[in-house]
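To start, the structure under review is shown below, and the notes come after it.
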Protein chains: 2
Amino acid sequence: MSELPKYYVYKMRILEMIADLPPGTLIPTERTLALDFGTSRTTVRKAIGELVAEGRLTRTQGSGTYTGGPKITHVRQLTSFTEDAQAIGYTPSSEILEIEQLHVDASHAVEAGHMQLTPGAPFVRIQRVRLGNGEPLGLETACIPGELEGFEERLRERGSLYATLREDFGIRITEVEDGVETYLAGPEEARLLKVEMGSPLLRIDRTGFDDGGRVVEWTVGRFCGDRFRFVARTRAA
Amino acid sequence: MSELPKYYVYKMRILEMIADLPPGTLIPTERTLALDFGTSRTTVRKAIGELVAEGRLTRTQGSGTYTGGPKITHVRQLTSFTEDAQAIGYTPSSEILEIEQLHVDASHAVEAGHMQLTPGAPFVRIQRVRLGNGEPLGLETACIPGELEGFEERLRERGSLYATLREDFGIRITEVEDGVETYLAGPEEARLLKVEMGSPLLRIDRTGFDDGGRVVEWTVGRFCGDRFRFVARTRAA
DNA sequence: GCACAAGATTGGCATAGACCAATCTGGCCG
DNA sequence: CGGCCAGATTGGTCTATGCCAATCTTGTGC
């Protein structure tokens, strides 16, 4: 591979083309660009596809392709999603998809393993979409060990998972460990996060501990790679 | 999108096919699979492409497509890459590509901004590849403010950037902030990291601070998404 | 003037095929 | 037996095209 792939060359040309355009600006159609560049539409689609994955463009079937805005949100460990988003002028919200009271069986091997639960042990599973300015940012599936009476009503009331755990159940999460990896959107993520199949997401597996070092949270988060950034800060011991 | 895309269905079928195979096992060729599945080679390539991005498969032009191993390394903040890799049975190494003594000019706007340097200020830039078991894991470009006499010789001697800064220059990095995002491999990363163009990487921007809160390091890391995982652990204040 | 339907436009997905580059295998020669 | 070369094979990239789904625009009827 001594030469640059064609699609990459056109990707760079489109980048130059949109460099000074404000977010939300319509760019020429795929078919027009293919004619202008003298290349196939498939090649143009690939160039645009990468720019969409990077958040530099967004595209809507039947409508067109538009310049995207800056990557505009991040989340820090152990600060509130709400506070972080608001700090950068972003209106955060959450949408609860499902809350289940469960008992560990064979299908929960992964969750149980992370929370060190034995078969039959109770836990709560919460699935929600995190939004910013009304747009999906991420999909989280949180598991909390324990019976947690009336959990659903209280969480719907308070909105915040950590606040509910602390105020209503006396569970304080004092330490978290996050594992961060790339992840490709499957059908569920594409649907719920409104992203293209196969687009790169940031997957964050979180383990939350209480004062005694017990695992009190296991959360799998999948966040839109084009809009989201994870920040962690650590002091040396 | 009420039905699953064809490529995704075949992706799942290939996953089932390779579920119990040991790493390094040759799977049928793209052309064979296209015939077997009764679909086009392009569709098969897309299914395989995602499995390659996830590290479940690797493919070599002229040779074939092989099952991949588990995602086998991670890095924690403020622990040594060497220690972390060895802890999971991985032989770590680094290859220094370039070390430059520079002075801030217009082309260094991003670096200068992060390190709060004024035009003309000296800094050192180090570009290296991080390897595990001889295979590239990531590409790092580190910038250190200051004149740093004899830095290159000392780093080549010690191998470790942090150890060199501490022992030879009295610079202790006591706090780091990492920003983690998805990133698509461009030509440089594809070449140096031996990954496919456009494959998803984990980009980690690191700012290192000394005791006085001064910025003493700005490093841009790009790590292979199919092999790498970033881990951060934080206690509540 | 507003609402609805039809047609046009645009992106989404897949096919079939061509050609090139990298790797592997087998055969030949020293 | 080992090394080298040629041919076969496999992945890498691109083209041209077709068809479908989602959105937008325009025209018609009330």
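We name chains A, B, ... by the order of the sequence lines, and we start the count at 1 in each one.
Side-chain contact annotation: B:Arg154 with B:Thr164, donor-acceptor N/O pair under 3.5 Å absent. Defined by atom type and a distance below 3.5 Å, a donor-acceptor pair is missing between the side-chain atoms of B:Tyr8 and B:Glu50.
Among the nucleotides D:dC14, C:dA14, D:dG11, the one closest to the side chain of B:Thr39 is C:dA14. Picking from D:dC14, C:dA22, C:dT10 the nucleotide with the shortest atom distance to the side chain of A:Arg31 gives C:dT10. When the nucleotides D:dC24, C:dG17, D:dA16 are ranked by their closest atom to the side chain of A:Ser63, D:dC24 comes out on top. Of the candidates C:dC13, C:dT10, D:dG12, the closest approach to any side-chain atom of A:Arg45 belongs to C:dC13. Among the nucleotides C:dC13, D:dT15, D:dG11, the one closest to the side chain of B:Glu30 is D:dG11.
Here the P atom of nucleotide D:dC14 and the CG atom of A:Leu4 are 10 Å apart, to the nearest Å. Here D:dT10 presents its P atom at 12 Å from CG of B:Leu35, a figure rounded to the nearest Å. D:dT9 atom P lies 15 Å from atom CG of B:Leu26, rounded to whole Å. If you measure from atom CD1 of B:Ile14 to atom P of D:dG11, you get 11 Å, rounded to the nearest angstrom. Between A:Arg41 atom CZ and D:dA16 atom C1' the separation is 12 Å, expressed in whole Å. Here C:dT9 presents its C1' atom at 15 Å from CG of A:Leu33, a figure rounded to the nearest Å. As rounded to whole Å, 13 Å separates atom P of C:dA14 from atom NZ of B:Lys11. The CD atom of B:Glu196 sits 14 Å away from the C1' atom of D:dT10 (whole-angstrom rounding).
When the nearest nucleotides of DNA chain D are assigned to A:Lys46 and A:Gln61 by heavy-atom distance, the more 5′-ward of the two goes with A:Lys46. Map A:Gly38 and B:Thr65 each onto its nearest nucleotide of DNA chain D; the residue landing nearer the 5' end is B:Thr65.
Rounding to the nearest 0.5 Å places CD1 of A:Ile204 at 10.0 Å from CZ of B:Phe230.
Side-chain nitrogen and oxygen atoms of A:Ser40 include none within less than 4.0 Å of the OP1 or OP2 phosphate oxygen of D:dT17. An OP1 or OP2 oxygen of C:dT10 is reached within less than 4.0 angstrom by no side-chain nitrogen or oxygen of A:Arg59. The shortest distance between the side-chain N/O atoms of B:Thr42 and the OP1/OP2 oxygens of C:dA16 is not below 4.0 Å.
In this structure, B:Arg56 places its CZ atom where only 12 or fewer heavy-atom neighbours from other residues, nucleotides or ligands lie under 6.0 Å away.
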Given the rule in the side chain to side chain donor-acceptor pair (under 3.5 Å) test, do A:Arg128 and A:Thr141 qualify, once you have shown the distances and angles that lead to the verdict?
CA-CA 7 Å; A:Arg128 52 188 177 159; A:Thr141 305; over 6 Å; no
